[in-house]
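Please read the structure below before turning to the comments.
Remember, it's 1-based here, ligands and their atoms both numbered in the order they're listed. Residues: numbered from 1 along the sequence shown. The shown structure was predicted, so the numbers you read here are calculated from the model rather than taken from an experiment.
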Amino acid sequence: MIGLISATAAGAVARDRLASAWPARTRVYEGPVREAVGRAFAECDQLVCFLATGAVVRLIAPLLKDKASDPGVVCVDEAQRHAVSLIGGHGGGANALALAVSDVLPCAPVVTTATDAMDIPGLDTLGWPVEGAVAAVTRAALDGSPVALHADAVWPLPALPPNVAPDPVADGTTDAGTDAAGRAADDMIEAVAAAPVPVGGVAAAMAATAAHTVLADAAVGAAQAGPTVLRVTDLLVEPEAREAVLRPPSLVVGVGASRGASVDEVLGLIEAALADAGLSARSVAALATVDAKADEAGIVEAAARLGVPLRTYAAEELAAVEVPNPSGAPLAAVGTPSVAEAAALVGGGELLVPKRKSAPEGRPAMATCAVVRKQPRGRLAVVGLGPGARDLLTPRARTEIRRASVLVGLDQYVDQIRDLLRPGTRVLESGLGAEEERARTAVAEARAGHAVALIGSGDAGVYAMASPALAEASDDIDVVGVPGVTAALAAAAILGAPLGHDHVSISLSDLHTPWEVIERRVRAAAEADIVVTFYNPRSRGRDWQLPKALSILAEHREPSTPVGVVRNASRPDGTSRLTTLAGIDPTTVDMMTVVVVGNTAAREIAGRMVTPRGYRWQTEGS
Ligand code: SAH
C-alpha cells in the first residue's frame with residue numbers, strides 16, 4: 001500500500017490525482033501532517049509526500065530504523081516539478097515509485113542512488129540477500145577500483161563492470177582478452193610477473209607501467225583494509241572488512257513432518273541442519289515436501305518465516321526419486337519411502353545433508369529434513385527489438401537487455417541497442433547467415449549458467465532466432481520470451497488498417513523452404529481471400545519470386561486490389577507507397593521491405609489502406 005500525505009491545497013490536488021490513478025494501491029492519510037506521516041510510515045510499504053523534502057526529512061528522521069524495513073519515500077513538490085526518491089531507493093522501491101509517479105503527474109523523477117545513476121546494478125537490486133561490507137564494495141565498483149569476484153558457481157547475474165572480475169589467482173578464469181586498463185589488481189600482479197621485461201613494444205610497456213601504478217595504489221589500499229571482495233556463496237562465511245557476500249538461491253530443503261508438528265520443531269531442525277553443514281539459511285530458495293503435507297501448519301509456517309515458497313510433489317513422483325535413506329514409515333503414511341530427501345532431490349542436485357530427524361527432549365521426533373544444492377540454471381531471454389525506432393522497443397525488452405551479462409545477435413541489431421548495454425556486457429556478434437551458430441552460442445552460454453539475451457529485429461520469434469535457439473535448448477535453462485513489434489504490424493500502422501480481417505505472413509525466401517511449398521501457401525491464401533504480408537520479398541539474387549507470388553494472388557483478386565510497399569518501417573529513411581496489384585513495380589522492393597496485399601474487400605480510403613472488419617453496422621450503414 002502507498003500512503004499519500006499532503007499539507008496544502010495544491011498538494012491535495014496532486015495527491016487526489018494520484019489516488020484516482022491508483023485507487024487500489026493508495027490510501028490518503030489526512031489530519032495533522034506529523035501524525036499522518038507517522039501512521040503512513042508504520043502502515044505502508046511506500047509513501048508519497050506532497051511536501052518539501054526538508055519537511056519530510058524532519059518528520060521521518062525519528063522513525064527511521066533500517067534499509068530493510070523502512071518504507072520507500074518519495075517527495076513531490078508543490079508545483080509538481082519533481083518526484084524525489086528520498087529514502088529506500090532500491091529496497092523500498094522509491095526509485096521505481098518516483099518513475100511511476102512521474103508517469104501520472106507532470107513531474108520529473110529525481111534519483112540520486114549512485115548505482116542507478118552510474119548504470120551499475122546495485123548489489124541490493126539483484127533480489128538476493130547480501131551481507132557484509134555492501135557499501136564499501138559498491139563504492140569500489142563505482143569508483144572503478146578492483147573488486148575480486150569469488151563465486152562458487154556461475155550464476156546468471158547481470159553484467160558487472162570490468163573492474164569487478166574473477167580473481168585469477170583463486171580460480172584462473174580470467175579472460176585473456178580483457179582490456180588491461182579495466183582489469184583487477186590481481187590480474188595486474190599476474191601481468192607484471194609474466195612480463196618483467198616488456199616484449200610487446202610500446203603497448204606492453206605502457207600496460208606494465210599502468211600495472212605498477214595500480215599495484216602501488218592497491219598496495220596502499222591493502223595496507224589499510226585488505227582487498228575488496230565480492231563473494232557469491234551459500235557457505236557460512238564471516239565476511240572480511242572489505243567483503244560483501246551475495247547469497248544465491250542455491251539450496252532446497254526437503255521437509256517431512258508428522259501431523260501437528262510445531263513450527264518451532266520444523267524450523268529448529270532446518271536451522272540446525274544448515275548450521276551444522278556450514279550453510280547459510282539465506283541461500284534457501286524453497287522448502288519441498290509431499291502433496292499430503294501441503295497444509296501441514298508447521299511446514300507452511302516454517303516456509304513463511306524463511307520467506308521462501310513451499311513446493312509440493314505427488315507421492316508417486318517422490319517414490320520414483322532415488323534416495324540414500326528410504327524407510328517404511330513414510331511409505332505407510334503417505335505412500336513414498338522418502339519425503340525429505342526425495343522432495344529436495346526432485347530435478348537433481350547434490351545432497352549436502354542426508355535425512356536428519358528433529359531431536360525434541362523427552363518425546364519422539366516429529367520432523368525430518370534434508371538439504372540439496374541445486375545446479376544454477378542459466379537464463380536465456382529471446383528478445384525482439386521492434387522494427388527499428390527506439391520508442392518501438394518495449395520497456396520489457398530494454399529491461400532484459402540490461403539484465404543480461406551476455407548478448408548474442410547479428411551485428412546490425414547489436415548496433416541498434418549498443419548504447420543500452422550495461423558496461424561489462426559480453427557481446428557475441430556475428431554477421432548475416434550465421435543463424436545456427438548464433439543459436440548454438442546463445443544456448444551454450446545459458447547452459448554455462450550465464451544470463452543471456454538473444455536479440456532479433458521485430459519479433460524474435462518471427463522468421464528469426466527464437467525457433468533455432470529453442471530447438472537447441474534443453475530443459476536445464478530458464479527461457480524468457482519478450483515479444484517485439486514485427487515488421488507486418490509496423491508497416492500496417494503506417495499504411496492504415498490493412499490487417500483488419502484475417503491475414504497471413506509469408507516469407508518469399510526460398511533459401512530454407514522449397515519454392516513449391518511457398519507457392520502452395522501463396523495459392524491457399526489467394527483462394528481463401530486472406531490479406532498477405534510478404535517478408536523477405538526480393539533480393540538481388542531472388543527477383544522472380546515476388547512477381548510470381550503476386551500473379552497467383554491476381555488470379556483471385558482484382559487488378560485494383562490495394563498493395564502497400566513499406567521499406568525500413570519506423571526508421572529515419574523509411575518510405576511507404578500505396579499501389580495496386582496491377583501497378584506495383586517490383587524493382588521498388590528489396591530485403592528491407594514488406595509488401596502487404598489486400599483481400600477482395602480491401603480499399604484505398606483517403607490515401608490509406610483499409611481492410612473492412614465486416615461488422616454488420618458498417619454494411620447496414622452503407
Ligand atoms: N523478425 C523480423 C523479421 C525477420 S525476416 C520481424 O519480426 O520483423 C527479415 C524481413 O523482415 C525483411 O526482409 C523485411 O521483409 C522484413 N522487415 C524487417 N524489418 C523491417 C522494417 N523495419 N521495415 C520493413 N520490413 C522489415
Compare all side-chain heavy atoms of [X] with those of [Y] and state whether any distance is below 4.5 angstrom.
X: Leu410; Y: Arg438; result: yes
X: Asn536; Y: Met591; result: yes
X: Leu157; Y: Trp128; result: yes
X: Leu428; Y: Leu407; result: no

Give a yes or no on whether a salt bridge exists between Glu429 and Arg418, defined as a side-chain N under 4.0 angstrom from a carboxylate O.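 Here Glu429 pairs with Arg418 in a salt bridge, since their nearest N and O are under 4.0 Å apart.
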When Asp590 is tested against each of Arg540, Arg538, Arg567 for side chain to side chain contact (heavy atoms under 4.5 Å, CB included), which residue passes?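 The residue from Arg540, Arg538, Arg567 that satisfies side chain to side chain contact (heavy atoms under 4.5 Å, CB included) with Asp590 turns out to be Arg567.
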For ligand 1, what are the residues with a heavy-atom contact below 4.0 Å? Pro387, Ser457, Gly458, Asp459, Val462, Tyr463, Ala464, Thr486, Ala487, Tyr535, Asn536, Pro537, Val566, Asn568, Ala569, Arg571, Met591, Met592, Thr593, Val594
